[in-house]
Amino acid sequence: MPASAADAPCPEQAFNATALKWHTCAWLLLPVLIFLAGWMHWYAALPLMLLTAAGLAPRKRKEPQTRDSLPAFPLFTRSSFLALAAFAALMTLSGWGEWVNQHPDHIVRNACLRELVASPWPVIFPDGNMLVYNTGFWLIPALAGKLAGLDAARVFVVLWGTWGLFLTWLWLCVFSGRRSLLLALLMAAFGSLLNFQCWLGLRLHYFGTAEQIMCSANASIPVLLFFIFLASGRMPLPWIPLLFAATAFYSPLAALGGLPLAACQWYRQWRGVPPLRDVLLHPSFSASVLLGACFLLYYGTVNAPSSHMGMRPFYTHPGDFPLMATSFLLYALFCWRDFRRNPLFICTLATGLILPFFYVNGDVNDLLCKGSVPVMACLLAFLASSWTRHPGFRVWIWLLLAFGMAPRFNIPYYCCSSSALQAFLAPPASETEPSSFTSRKWKQLFYAPQARRQDEWGRTMHHPGHRWYPYYSGTPRPWLRFIYRF
């Protein structure tokens, strides 16, 4: 069997990543603790905080000495600052901070940050309803905004997202056994072959890293960080349920889609040692169950209309097979040699193949849009490792990524929004469709009348006339007031 096969020593064993573990844990859990303190009564929040802290405490059994003797993985080197600058530029050019033109989804993102900065916590609207939204990503920036104003909060949104992407890149480096700036580029460019999917008329369900950052960095960056950390095999066993519960706070649908992956890796690391009784009685397990219940109660109060949920027949549409192939199966071929015996890799493929046939909210499948992020994150980790192990694969991987790169860098939103250019590109009133294929594709790429700063909500999330409003407000239930300060 080749030296790079699945039973060979893994490159991720080249470093001691203890410091990186704690930085990651702090990035994921600090907003959760702030939410508990700001939204819940002290007699409910304090025990949960203490239980969470107890769950993070190192176990009495020490790690093997061979792992302790490994060289420490440095958080900061010369390449670190280049990566931080690149991720800050990616966050800024994706619309975060409101310095460039934004995707229309930022209507609610901007308003959420302003509400958190300007209003007492928990946020209560003038009609008595409360803000119900996955606000975790904005809590640290909102604290900065309360101290120094909204402009400071906007800066901290970019910095907080940059730090999360930086930690994600470091875990890719640890898992691959090599610190490389090219892995940061691989991470930013990774995603479905969007150009192929557009030409084939397929629905764009499996979005890549850059699309997720552009539209919903508040949900996608924590999920990417958790699942790449999980795939590395370095997450301590008691941390898995606890940090997974935190992930549910950032994106409930992503947690639902990633539940099989978290359960698979948890079982893989447990395998009967320590005894199941000790695992279930560990404070981290109790903390994760209670946190999950609190988040479920919180999100369950939303006033949104009933979601359409269900499943459709498996692989009955001709476009199902090309969608899977161009979304992630082609990438999986590069990883098969190294990880075909890895249970998490097999679970990732199985989840990715099944997930598109379950839907929430019907035509706009919110479950797949958010629930596919864990699948893509784990596959990215495996692809990065295979990219490092096999130099001969690299040219082919870059070629695949290039097929989906054009729409991936947000060109219509922050480069082509000048009034003169848009007036020039606008089709004549009498023209219902561009006259040629080339003209149609050119205007699809550059004609973007929606590329502008988003302020339709009047700088507030309380806008009952907007069709999105019910999805971000909730009516306080009397019994819920015993836990939350509504």
Side-chain angles (χ1 to χ4, degrees), residues 25-56 108-147 150 153 156-157 160 164 216 218-219 221-223 226 241-255 286-304 460-462 469-486:
C25 179
W27 194 93
L28 289 170
L29 283 181
L30 272 177
V32 174
L33 298 179
I34 292 172
F35 175 82
L36 297 181
W39 268 254
M40 298 174 66
H41 293 291
W42 69 268
Y43 54 78
L46 185 59
L48 262 179
M49 290 180 177
L50 295 176
L51 200 59
T52 300
L56 295 174
V108 66
R109 316 290 190 240
N110 299 341
C112 182
L113 178 63
R114 292 188 177 98
E115 292 285 5
L116 292 171
V117 171
S119 304
W121 294 351
V123 177
I124 306 294
F125 296 127
D127 58 5
N129 287 333
M130 58 192 182
L131 171 64
V132 180
Y133 193 55
N134 46 342
T135 57
F137 181 78
W138 291 288
L139 292 182
I140 297 285
L143 279 180
K146 286 183 177 295
L147 295 174
L150 181 60
F156 265 80
V157 165
W160 188 247
S216 57
N218 57 298
I221 293 178
V223 176
F226 171 80
L242 189 56
L243 296 185
F244 179 75
T247 303
F249 173 56
Y250 292 103
S251 179
L253 290 177
S286 302
S288 63
V289 171
L290 292 175
L291 284 174
C294 290
F295 299 149
L296 181 63
L297 292 174
Y298 172 69
Y299 288 118
T301 62
V302 70
N303 286 332
T460 176
M461 292 189 78
H462 182 252
Y469 173 69
Y471 290 92
Y472 310 114
S473 67
T475 301
R477 307 291 192 268
W479 51 269
L480 199 59
R481 297 179 190 274
F482 291 102
I483 302 175
Y484 290 97
R485 297 188 294 107
F486 297 140

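Just so it is clear, the values below take in all heavy atoms, side chains as well, and ignore hydrogens, waters and symmetry mates.
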Identify the heavy atoms of [X] and [Y] that sit nearest to each other, and give their distance.
{"X": "G474", "Y": "P476", "answer": "O-CD, 3.6 Å"}
{"X": "P141", "Y": "L113", "answer": "CB-CD1, 4.4 Å"}
{"X": "M49", "Y": "L36", "answer": "CE-CB, 4.0 Å"}
{"X": "L139", "Y": "P31", "answer": "CD1-O, 3.3 Å"}
{"X": "T301", "Y": "L297", "answer": "CG2-O, 3.2 Å"}
{"X": "M130", "Y": "I124", "answer": "CB-CD1, 3.8 Å"}

Taking side chain to side chain contact (heavy atoms under 4.5 Å, CB included) as the definition, give me every residue that meets it alongside [X], ordered by chain and number, with sequence neighbours left out.
{"X": "N218", "value": "W96, R109, Y133, N134, F137, W138, S216"}
{"X": "L46", "value": "L50"}
{"X": "L290", "value": "L48, L51"}

Original post:
Once you round to the nearest 0.5 Å, how far does OH of Y298 lie from OG1 of T135?
Top reply: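 Result: 5.0 Å between the selected atoms.
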Heavy-atom count check: over 12 atoms from other residues, nucleotides or ligands less than 6.0 Å from F156 CZ?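 At most 12 heavy atoms, drawn from other residues, nucleotides or ligands, come within 6.0 Å of this atom.
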Here the side-chain hydrogen bond (donor to acceptor under 3.5 Å, both in side chains) pairs for residues 27-55, sequence neighbours left out, are none
* To do: Identify, with sequence neighbours excluded, every residue that meets side-chain hydrogen bond (donor to acceptor under 3.5 Å, both in side chains) alongside S286.
  =>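 Per chain and number, S286 pairs via side-chain hydrogen bond (donor to acceptor under 3.5 Å, both in side chains) with no residue.
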Show the atom names and distances, to 0.1 Å, of all donor-acceptor pairs under 3.5 Å that link a side chain in residues 479-486 to residues at least two apart or in another chain.
residue	atom	partner	partner atom	Å
R481	NH1	F486	O	2.5
Y484	OH	C294	O	2.7
R485	NH2	G38	O	2.3
R485	NH2	W121	O	3.1

Which donor-acceptor pairs under 3.5 Å do side chains of residues 242-252 form with protein atoms, sequence neighbours excluded?
residue	atom	partner	partner atom	Å
T247	OG1	L243	O	2.9
Y250	OH	L28	O	2.8
S251	OG	A254	N	3.3

request  = Spell out, as yes or no, whether a donor-acceptor pair under 3.5 Å connects the side chain of K146 to the backbone of L116.
outcome  = yes
